[in-house]
Amino acid sequence: MAARILIVEDNRVVARDIGQQLVRIGYEVSGVFARGADAVKFSQEVGTDLVLMDIRLEGEIDGIDAAGQIRNTCRVPVVFLTAYADDETVKRARETEPYGYLIKPFEDQQLRTAIEMALYKHASEQKLRESERRYATTLASIGDGVIAIDAAANITFMNPVAETLTGWSFEKAMNRPVAEVFRIVNEATRDKVEDPAATALKLGKRVELAPQTVLIAQDGRETPIDDCGAPIAADYGMITGAVLVFRDMTQRYHAESELRKAQEELSRMSRVTTLGELTVTIAHEINQPLMAIVTNAAACLRWLSDQQMNLMEARAAAERVIRDGHRAGDVVATIRSHAKKSAPDIKPLNLNNQVEHVLTLIRGEFRRQSISEELVLPDEPAIVLGDAVQLQQVVLNLVSNAIEAIERAYNNPKRLKICLQQNTPGTVLCSISDSGIGLDVQSADRIYDAFYTTKAGGIGMGLSICRSILSAHGGSLWATPNDDYGATFYFTLPSIMDPVANV
Ligand code: ADP
């Protein structure tokens, strides 16, 4: 479709000539006016693709004023027509941002070139404006804060989220150094953190912000943020500025802490449930000796009665009462000792020292039973975060079980090997390997259950306690049968790097 051109020219003959010229070279004439005011009205109300505007016009406003009004109200491109151009006129005309000048008289070719150039320039400006509008709308509606800076690190743009988080309006922040508006510090140390946009500007590459950064708003409000800066490079590669994109992490941290709370609650619930189950088992475990006590006490009374007087039997029954009383007492003591340590005293520990400490306590037993002991410790300290007493209890329980298993396997060689090593990075693995009776495949899973025991005087709480202590420390416990004799119990604990821990 041919472009529609409005002619504004107060010389009717010239206007007619231009009209004919336009039609000849393939344009359509949308109107001809002699007065600037009429041209403005027509452009606003009817519309046209381009205005050819004579500078000198009859009426109150001249061509330059009319072009200014058109530019301000309807963005139709204007090309000035002029017979002469003094400096002052050119200066005034320039302020209206015209799309071209044509010096009268002009050839068809010159006219066509001026019109095509003006239409092309206008179309690309339109496109640019649209894309700017699109970006501005996008930036205004995204949830991230965006700040753009120029090559001198002064602010050239800020979106509404950035305004809210920094407490600065874009109007006030415009052209100010970014460091003044975007003040960030490390949450823990309170040290000033250089903003990533400035760094991106210096380095010419994208920069991520270190975690734990808080943004301090103008009113002192603090917001944990996560952000990055990226340089803006012009087509020819020169860095002309940078953009800073940052995000309020409050919600995220809040969600994470809620999640942590929920997990803690869940594990508390599961502990309570286990405790519920445990109570039933404990009641059963204590009930048994209590029933036996009542029965034996009744028998004892019977043996003491006049008719059946038998002091030997009465004594035996009384001894059984004592034995069962002790047994019930042992059950209670075990539970109490476990419950007492429910608030662990967590600190960095060298597990090597804890293992050696336990072995010092129990070494007499090795000697008495002629058990040969092998201890393999890593060269480096195996540092874990934990409660010393609880972890010693784990090692002691496992070593005691190993000794008892060896004791019960009369014909086997008597060997015990304890090995501590850094396993996968961040984990310490401890293995306690014995040459005892070994594991019964059928009951291999049940050995960790509370009160499961295969020993005459056993209580069956050892492994259950070990497992709960280790899981509270982020570790785990399992066992495998050995190829030759006995079993190996393994436990793992998360290790940390701490050269000062030597407890
Ligand atoms: P208890 O030692 O009082 O029986 P535990 O919970 O420590 O309680 O152990 C439960 C059971 O696991 C033991 O009775 C035994 O059958 C089995 N067990 C534990 N350690 C070993 C071992 N080193 N070798 C073979 N069996 C073991």
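Side chains are part of it too, since the values below use all heavy atoms of this structure and drop only hydrogens, waters and symmetry mates. The first residue in the sequence is number 1, and the count goes up from there. Order of appearance sets the numbers: ligands from 1, and atoms from 1 within every ligand. Note that the structure is a prediction, hence the values are computed from the model and not measured.
Of the inter-residue distances, the one linking I418 atom CD1 with E373 atom CD reads 6.0 Å to the nearest 0.5 angstrom.
Remark: the backbone N or O of V146 is paired with a side-chain donor or acceptor of N159 at under 3.5 angstrom. Checked by atom type and distance alone, the side chain of N412 pairs as donor or acceptor with a backbone atom of S435 at under 3.5 Å. Side chain of D387 to main chain of Q390: a donor-acceptor pair is present (N/O by atom type, distance under 3.5 Å, no hydrogens or angles). Panel note: side chain Q354, backbone Q392; no donor-acceptor pair is recorded below 3.5 Å.
For ligand 1, the 4.0 Å heavy-atom shell takes in N401, A402, A405, D434, G438, L439, I447, Y452, T453, T454, K455, G458, I459, G460, M461, G462, L463, F489, ordered by chain and residue number.
In this structure, W478 and Y490 have parallel ring planes: the angle between them is below the 30° cut-off, well short of the 60° mark.
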